[in-house]
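Just below is one structure, and these are the notes that go with it.
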Amino acid sequence: QVQLVESGGGLVQAGGSLRLSCAASGHTFSSYAMGWFRQAPGKEREFVAAISWSGGRTVYADSVKGRFAISRDNAKNTVYLQMNSLKPEDTAVYYCAANSKPLVATTRRGYDYWGQGTQVTVST
């Protein structure tokens with residue numbers, strides 16, 4: 001069992017930056033691939049970024065490529081999402097997810113554990 005707790009969300013102006021953190025419990029964190037998803041009001045939850053267990057492979061949605069960066073610190077059981085050049089369309093609740101199989105997945109069903117989410121609001 002893995003518990004995930006996101007933090008770092010908030011209100012930021014367009015063009016600004018935020019860094020989200022996701023702290024994981026459990027001693028198997030370092031063997032899990034991790035991902036970030038987001039859900040805007042009235043929309044489906046969508047993939048944002050994923051990272052392999054070692055951090056050696058990362059995958060991004062086209063909408064955030066070049067602006068967001070996912071990273072992890074296995075010693076701290078934490079995964080991060082650095083978000084730069086934020087746009088109003090990035091406004092959503094951001095969720096951290098863990099995949100117990102060491103695969104980088106880009107769909108919701110590829111993940112076994114989810115956090116409670118953190119709100120990111122980008123103003124114009």
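The residues of the chain are indexed from 1 along the displayed sequence. Just so you know, these numbers use all the heavy atoms, side chains as well, and skip hydrogens, waters and symmetry mates.
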If every non-hydrogen atom of [X] is compared with every non-hydrogen atom of [Y], which pair is closest and at what distance?
X: Ala14; Y: Pro88; result: CB-CD, 4.1 Å
X: Ala69; Y: Tyr60; result: CA-OH, 3.3 Å
X: Val2; Y: Ser25; result: CG1-O, 3.6 Å

Main-chain N/O of [Y] paired to [X] side chain as donor or acceptor, under 3.5 Å:
X: Asp112; Y: Ser100; result: yes
X: Glu6; Y: Gln116; result: yes
X: Gln82; Y: Arg19; result: no

Is the Lys NZ or Arg CZ of Arg45 less than 6.0 Å from the centre of Phe37's six-membered ring, within 45° of the axis?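 Arg45 over Phe37 ring: no.
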Atom [atom1] of [X]: over 12 foreign heavy atoms under 6.0 Å:
X: Lys43; atom1: NZ; value: no
X: Lys101; atom1: NZ; value: yes
X: Glu89; atom1: CD; value: yes
X: Gln3; atom1: CD; value: no

Angle between ring planes, Phe68 versus Tyr94, binned at 30° and 60°: parallel, tilted or perpendicular? tilted
Mind checking whether [X] and [Y] have side chains closer than 4.5 Å, heavy atoms only?
X: Leu4; Y: Tyr95; answer: no
X: Trp114; Y: Cys96; answer: no
X: Asn99; Y: Tyr111; answer: yes

Step by step, work out the side chain to side chain contact (heavy atoms under 4.5 Å, CB included) result for Arg38 and Ser63. CA-CA 12 Å; Arg38 66 186 181 187; Ser63 59; 3.5 Å; yes
Of all pairs that satisfy side chain to side chain donor-acceptor pair (under 3.5 Å), the ones with a partner from residues 66-75, not counting sequence neighbours: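 Every pair satisfying side chain to side chain donor-acceptor pair (under 3.5 Å) with a residue in residues 66-75: Arg67-Asp90, Arg72-Asn74.
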For Val120, which of Leu20, Val93, Thr91, Leu81 qualifies under side chain to side chain contact (heavy atoms under 4.5 Å, CB included)?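 Of Leu20, Val93, Thr91, Leu81, side chain to side chain contact (heavy atoms under 4.5 Å, CB included) with Val120 is met by Leu20 alone.
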